Amino acid sequence: MSIKPARTRIAPSPTGHMHLGTARTALYDYLLAKKTGGQFILRIEDTDIKRTVPGAEQEIMDGLRWLGLEYDEGPDVGGAYGPYRQTERREIYQHHAKILIDNKSAYPCFCTPDKLEKTRQEQMKRKENPHYDGACRVLTPEDAAKRIANGETYTVRFKTPKEGVTIAHDHLRGDIATENNQLNDYVLLKSDGLPTYHLAAIVDDHEMQITHVLRGSEWLGTFPLHVNIVRAFGWEEPIWIHLSVFLKPSGKGKMSKRETAQAMKDGYSIFIKDMQELGFTPEGVMNWSALMGWGVAEDDVMTIDQMVERFSIDGLTPSPAAINFQKLDHFNATHIRLFTTEDLAARLKPYFTCEGLNVNDNVLLKIVPLLRERLVTLDDCLAFGSFFFREDVTPNPEDLVAKGLDAAQSAEIARRAYQILAAQPDISHERCEPPLRAYVEESGLNVNQVFGILRAAITGQKVSPPLFESMEIIGREKCLQRLESAIRILEKI
RNA sequence: GCCCCCAUCGUCUAGUGGCCCAGGACGAAGCCCUCUCAAGGCUUAAACCGGGAUUCGAAUUCCCGUGGGGGCACCA
């Protein structure tokens, strides 16, 4: 069976931090494009100059690349359908606005924002739905032309049919019927000459030959308008897919400032840049967000390539999904365990070096297998494994005292352990573990007491990777040194 | 207020009229393994929003409620 290659696009506005919703939509766009052998495109929707924030566009591009969603066409990579930044496409929109005016689907409007606001207030007072009153809709083309020639500023509005019903088809939701009297004469072209989303997106999707429009369900309200615009141009419609929104963890409402701050406090975020810094992996983030809105029966741990393999727009779900950060942890940890040793080592190294630690690559390669199944986020490697790269450690004195024993008894155990270890020809775990276990046996102590002292002494931590494997990597000299200083600490208690 | 969308375990979901006394995953609980912490293995609890209708038969189709979400800008 041959599938038609799909052209999809992610079209974010550079108005803030790139968030999870954008990432998920981009993922589905990417999956569809790759699945069908088509193209995935980045288009920057920067027509609201006032809200554009510097750096946001770069963050989007960085974010997509970090996630592994390389786009085939975009502002910084070019393509046959550019430019890919809407502010660079002004003339295209003006030209198309003119086409709609000429074919009577749109008209110039000279109403001022003040006047608009006033009529809105009055309508609300009368408990009517706020809507444009149509004052300029009835202007003759000649009048309008004259006023334009006089230099009056104007917008261009879409001439929505007064009666009848607009039926728009969404691939997930079926036909959506809306009474035209519910629809406004929306502004297409603003008085600054730039288009609104409504015009820009429709024109660009057509010009860029987008076959599938995936976007958030917040666009459902103006969906009929968009369909009407496409039809006014006489163009073929793309397949429309309105994705569900993400809800806050409680499931009651969207993520607000409050929840975002709370998430950050718990070590989570809905911003891609933050997630990267918090030690989440692209694999984990993508797998996690893919499954909020895409139903997969079983074997839900997937790489992006595996997702491409299995993806279908028919599997997308229309219902809203509550964000569950625990599940992000799970996917992140699971993917970390799937990485090769070399790969994980390379990803972990920056965390150690950022701490100012001197990373020996051989040591790193050896500790990765010990760390791997203990990491939920990449930065967890610091808590578990930084002692491998330190000259010495400073154990908490109370951690050196074994449960049920006092300092003197613990010191005695440490001294015995020292003798046993010092007597070994090497410090391999095969060599060291048996005699120490024998000592535990004969002393009547339990392993937790003896190994606990050693763990604290040698790793400086209460919790660590397996003790004997760790000692082997640290090396005989350092281990004995650390044990010795632990003994001194114990003797001072 | 008006319009639109959605509705299966706490959460993400499978399910497209009989295979479902509803399957998987996260989380939870218990057990096993165990030098700490994990990982792993096994087990358990946990859902078809309510009411009508269609049908021999409904989680699955249709209506009506209810609940939740989104939208009603010269923002996207």
Side-chain angles (χ1 to χ4, degrees), chain A residues 11-13 15 45-48 50-51 109 111-113 116-117 120 124 127-132 153-157 168 170 172-173 176-179 181-184 186-192 194-198 200-201 215-224 242 244-245 247 249-254 288 291-301 314-315 317-331 333-334 337 370-376 380 383-384 433 436-437 440 446-452 454-456 459 461-468:
Chain A
S13 294
T15 51
E45 310 222 322
D46 55 353
T47 55
D48 188 351
K50 291 177 293 273
R51 290 206 309 153
C109 170
C111 299
T112 63
L116 258 20
E117 183 53 33
R120 185 175 305 127
M124 303 236 293
K127 295 202 168 155
E128 284 173 28
N129 284 333
H131 64 282
Y132 179 60
T153 60
Y154 65 100
T155 61
V156 175
R157 286 182 183 272
D170 174 273
L172 304 181
R173 299 157 205 263
I176 297 169
T178 310
E179 300 275 349
N181 61 21
Q182 293 296 329
L183 267 23
N184 219 333
Y186 297 90
V187 170
L188 262 23
L189 204 62
K190 300 182 274 184
S191 55
D192 64 2
L194 282 167
T196 58
Y197 171 89
H198 310 305
R215 47 157 33 170
S217 64
E218 63 269 23
W219 293 112
L220 241 21
T222 43
F223 183 24
H242 291 88
S244 61
V245 290
L247 270 25
S250 66
K252 310 237 178 241
K254 293 203 290 189
W288 173 58
L291 264 18
M292 290 188 284
W294 175 26
V296 175
E298 274 166 60
D299 299 326
D300 57 2
V301 175
D314 298 332
T317 56
S319 40
I323 290 176
N324 180 348
F325 288 116
Q326 285 177 316
K327 207 155 180 167
L328 169 60
D329 279 342
H330 164 255
F331 279 112
T334 304
R337 275 176 248 131
L370 263 35
L371 257 27
R372 183 159 28 215
E373 64 227 30
R374 277 163 254 267
L375 305 179
V376 173
D380 285 343
F384 277 110
E433 188 166 350
L436 276 166
R437 282 197 184 271
V440 169
N446 69 48
V447 282
N448 289 335
Q449 291 173 310
V450 177
F451 293 2
L454 283 174
R455 183 187 314 285
T459 70
Q461 303 171 181
K462 245 176 131 158
V463 172
S464 81
L467 181 61
F468 295 100

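All values derive from a computational prediction rather than experimental measurement. Per chain, numbering begins at 1; letters A, B, ... match sequence-line order.
- Contact annotation for A:Leu328: no contact, since no heavy-atom pair falls under 4.0 Å across all strands.
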Atom pairs, protein N/O to nucleotides 45-48 of chain B N/O, distance under 3.5 Å:
none

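- B:rU66 and B:rG51 have their P atoms separated by 15 Å, with the value rounded to a whole Å.
- When the C1' atom is used for both B:rG10 and B:rC72, the distance is 34 Å, rounded to whole Å.
- Comparing the C1' positions of B:rU8 and B:rU60 gives a spacing of 11 Å, expressed to the nearest Å.
- A gap of 14 Å separates the C1' atoms of B:rU44 and B:rC9, to the nearest Å.
- Using N1 to N3 plus N6-O4 or O6-N4 for Watson-Crick, or N1-O2 and O6-N3 for G-U wobble, each under 3.5 Å, B:rU61 pairs with B:rA53.
- Nucleic acid contact for A:Cys111: base, since at least one base atom lies under 4.0 Å from a heavy atom of the residue.
- Checked against salt bridge (charged side-chain N to carboxylate O under 4.0 Å, His left out), A:Arg337 has no partners two or more places apart in sequence or in another chain.
- For B:rG24 and B:rA46, the P atoms lie 14 Å apart once the distance is rounded to whole Å.
- No contact: A:Gly216 has no heavy atom under 4.0 Å from any strand.
- Under a cut-off of 6.0 angstrom, the local environment of OH in A:Tyr154 is sparse, with at most 12 non-hydrogen atoms contributed by other residues, nucleotides or ligands.
- For the pair A:Leu371 and A:Pro465, the minimum side-chain heavy-atom distance is below 4.5 Å.
- Contact annotation: A:Lys252 side-chain N/O to B:rG70 OP1/OP2 distance is not under 4.0 Å.
- Applying the 4.0 Å criterion to OP1 and OP2 of B:rA76, one finds that A:Arg51 has every side-chain N and O outside that range.
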Could you run down nucleotides 2-15 of chain B 5' to 3' and tag each one B, S or - for protein heavy-atom contact under 4.0 Å? SSSSSS---BBSS-
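- Using a 4.0 Å heavy-atom cutoff across all strands shown, A:Thr459 reaches no nucleic acid atom at all.
- The side chain to side chain donor-acceptor pair (under 3.5 Å) search around A:Asn324 returns none, not counting sequence neighbours.
- Counting non-hydrogen atoms under 4.0 angstrom, A:Thr155 reaches a base of the nucleic acid.
- Between B:rG67 and B:rG50, the two P atoms lie 15 Å apart (nearest whole Å).
- A:Glu433 CD to A:Phe451 CZ: the interatomic distance, rounded to the nearest 0.5 Å, is 5.5 Å.
- Residue A:Asp48 contributes atom CG, which lies 5 Å from atom C1' of B:rC75 at whole-angstrom precision.
- Residues that satisfy the side chain to side chain donor-acceptor pair (under 3.5 Å) test with A:Arg455, not counting sequence neighbours, are A:Ser464.
- Within the shown strands, nothing qualifies as a pairing partner of B:rA39 under the Watson-Crick or G-U definition with both distances less than 3.5 Å.
- With sequence neighbours excluded, the residues satisfying side chain to side chain donor-acceptor pair (under 3.5 Å) with A:Asp380 are A:Thr377.
- Applying the salt bridge (charged side-chain N to carboxylate O under 4.0 Å, His left out) criterion to A:Asp48, with sequence neighbours excluded, gives A:Arg51.
- For A:Trp219 and B:rA73, the CH2 to C1' distance is 11 Å, given to the nearest whole Å.
- Judged as a salt bridge (charged side-chain N to carboxylate O under 4.0 Å, His left out), and not counting sequence neighbours, the contacts of A:Glu117 are A:Arg120.
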Show your reasoning for whether side chain to side chain contact (heavy atoms under 4.5 Å, CB included) applies to A:Val187 and A:Tyr132. CA-CA 10 Å; A:Val187 170; A:Tyr132 179 60; over 6 Å; no
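- In terms of the side-chain contact (heavy atoms from CB on, under 4.5 Å) criterion, residue partners of A:Asn448 (sequence neighbours excluded) are, by chain and number, A:Asn446.
- Across every strand in view, B:rU11 sits in a pair with B:rA25 that passes the Watson-Crick or G-U test at under 3.5 angstrom.
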Base, backbone or nothing for each nucleotide of nucleotides 30-43 of chain B, written B, S, -, heavy atoms under 4.0 angstrom, 5' to 3'? -----BBBBSS---
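- Partner assigned to B:rC2 is B:rG71, using Watson-Crick or G-U wobble distances below 3.5 angstrom.
- The C1' atoms of B:rC33 and B:rG40 are separated by 8 Å, rounded to the nearest whole Å.
- A distance of about 24 Å separates the C1' atoms of B:rU16 and B:rG68, rounded to the whole Å.
- In terms of the side chain to side chain donor-acceptor pair (under 3.5 Å) criterion, A:Arg374 has no residue partners (sequence neighbours excluded).
- Taking the nucleotide of RNA chain B with the nearest heavy atom to each of A:Thr222 and A:His131, the more 5' of the two is matched to A:His131.
- Distance A:Asn184 CG to B:rC75 P: 13 Å, rounded to the nearest Å.
- Checked against side-chain contact (heavy atoms from CB on, under 4.5 Å), A:Asp192 has the following partners two or more places apart in sequence or in another chain: A:Lys190, A:Leu194.
- Taking atom CZ on A:Phe223 and atom C1' on B:rA76, their separation rounds to 17 Å, with Å as the unit.
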